[in-house]
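Worksheet for the structure shown next.
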Amino acid sequence: MKIVTWNVNSIRARLENIADWLRTHHPDVVLLQETKCQNHDFPLEAIEDCGYNVAVHGQKSYNGVAILSKYRIEDVINGLPPFTDDDQARYIEGVTNGVRVASVYVPNGNTVGSEKYHYKLKFLDHLHDHLKATLLYEEAFIIGGDYNIAPTDDDVNDPAGWHEKILCSTPERKSLRAILNLGYSDAIRIHHQGKGPYTWWDYRSGSWQKDDGLRIDLLLLSPQAVDRLAGSGVDRDPRGLEKASDHAPTWCTLL
DNA sequence: ATGGTAGACGATCTA
């Protein structure tokens, strides 16, 4: 069972790229972030034609998350419990093919110390509490998403340039580590040590051409999911295409 | 160069 997380930076602007990728790789589950449209504007039929059921939690212009699955998607939760009335659409959870999955779009935070930064840290606290509670179910649970945090300097091509900047500041990294310390595992780091792989390259300054990337898109696995983990990786290829998202799809496979 | 590029949306905001 292959599960993917991908920040697509607008589902409508990326529809051709995404549909091509789905038809080539046919993953079982795809956790999308930054769909950037209201539910009634989501290109439902085009995705269904690729062979997927869809659960969406969108809003106008910004954010927006979705779950695509070849299997039925049940027990869907829109919004991060218990703050499911948050006006920013950043979390969706459901159960598919016996696996609990979630797609999370953690706030970017703008700059360290800003109002948006404090909102980011608060969101991470809420995420921590929800993932702590859900761990008690003792299920295979995978939380894929754009965490907007590079866990360590190994996840950054240019750590000096990003030192204590947004995505790399110590408080953000501590918040992420607190979630991992609950008992969740960063799937990529089970199979890949050392520098990289990266998942995001800024559109600006030729970051892609210089491979000046960061690994901020993660798949966090409950112990029961790790028991079934077979492999993981990042598919860099879509980042090099015309009309690419600035993020690459990150995947793992379960036995 | 407090720059650079992309998307939504229709002037800026977000990333």
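Keep in mind that the numbers below use all heavy atoms, side chains included, and drop hydrogens, waters and symmetry copies. Note that the structure is a prediction, hence the values are computed from the model and not measured. To find a chain, count down the sequence lines: A is the first, B the second, and so on, and within it residues start at 1.
- The span of DNA chain B lying next to chain A, judged by atoms under 4.0 Å from heavy atoms, is bounded 5' to 3' by B:dG4 to B:dA15.
- For the contact set between residues 54-65 of chain A and DNA chain B, defined by any heavy atom under 4.0 Å, the members are A:Lys60, A:Ser61, A:Tyr62.
- Results of the side-chain hydrogen bond (donor to acceptor under 3.5 Å, both in side chains) test with A:Trp201 over A:Asn157, A:Asp212, A:Asp211, A:Asp246 single out A:Asp211 as the only residue that passes.
- Nucleotides of DNA chain B nearest to A:Ser10 and A:His247 differ in position, and the one nearer the 5' end is that of A:Ser10.
- One P atom belongs to B:dC9, the other to B:dT5, and the distance between them is 23 Å to the nearest Å.
- A:Ser185 pairs with exactly one of A:Leu219, A:Leu220, A:Ile190 by the side-chain contact (heavy atoms from CB on, under 4.5 Å) rule, that one being A:Ile190.
- Residue pairs meeting the ring pair (Phe, Tyr, Trp, His ring centres under 6.0 Å) criterion with at least one partner in residues 8-35 of chain A, sequence neighbours excluded, are A:Trp6-A:Trp21, A:Trp21-A:His25.
- Under a cut-off of 6.0 angstrom, the local environment of CD in A:Glu45 is sparse, with at most 12 non-hydrogen atoms contributed by other residues, nucleotides or ligands.
- Note on A:Leu31: it does not cluster hydrophobically with A:Leu80, by side-chain heavy-atom contacts below 4.5 Å among ILVMFWY residues.
- The only option from A:Asp217, A:Leu127, A:Thr5 that meets the side-chain contact (heavy atoms from CB on, under 4.5 Å) definition with A:Tyr147 turns out to be A:Leu127.
- Under the 4.0 Å criterion applied to side-chain N and carboxylate O atoms, A:Asp158 and A:Lys210 are not assigned as salt-bridge partners.
- A continuous path of Ile, Leu, Val, Met, Phe, Trp and Tyr side chains, each step under 4.5 Å between heavy atoms, connects A:Tyr52 with A:Leu15, placing both in one hydrophobic cluster.
- Looking at A:Tyr137 and A:Ser222, their side chains never bring a donor and an acceptor atom within 3.5 Å of each other.
- Of the options A:Lys36, A:His247, A:Gln33, a side-chain hydrogen bond (donor to acceptor under 3.5 Å, both in side chains) to A:Asn9 is made by A:Lys36 and by none of the others.
- Comparing B:dT12 with B:dA1, their P atoms are spaced 27 Å from each other, to the whole Å.
- Only at 4.0 angstrom or more do the heavy atoms of residues 162-172 of chain A sit from any atom of DNA chain B, so none qualifies.
- Two residues, A:Gly109 and A:Lys243, neighbour DNA chain B, and the one matched to the more 5' nucleotide by heavy-atom proximity is A:Lys243.
- The aromatic rings of A:Trp162 and A:Trp200 sit perpendicular to each other, their planes meeting at more than 60°, with 30° as the lower class boundary.
- Looking at heavy-atom distances under 4.0 Å, A:Arg239 makes no contact with the nucleic acid at all.
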| Between A:Arg173 and A:Asp155, does a salt bridge (charged side-chain N to carboxylate O under 4.0 Å, His left out) hold up when you go through it step by step? | CA-CA 12 Å; A:Arg173 286 178 167 174; A:Asp155 303 298; over 6 Å; no

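- The same atom, C1', is picked in B:dA15 and in B:dT2; the two are 16 Å apart, to the nearest Å.
- Applying the salt bridge (charged side-chain N to carboxylate O under 4.0 Å, His left out) rule to A:Asp227 yields no partners; only residues at least two apart in sequence or on another chain are considered.
- Look at the C1' atom in both B:dT14 and B:dG10: the space between them is 16 Å, to the nearest Å.
- Near DNA chain B, meaning a heavy atom under 4.0 Å from it, residues 33-40 of chain A has A:Lys36 in order of number.
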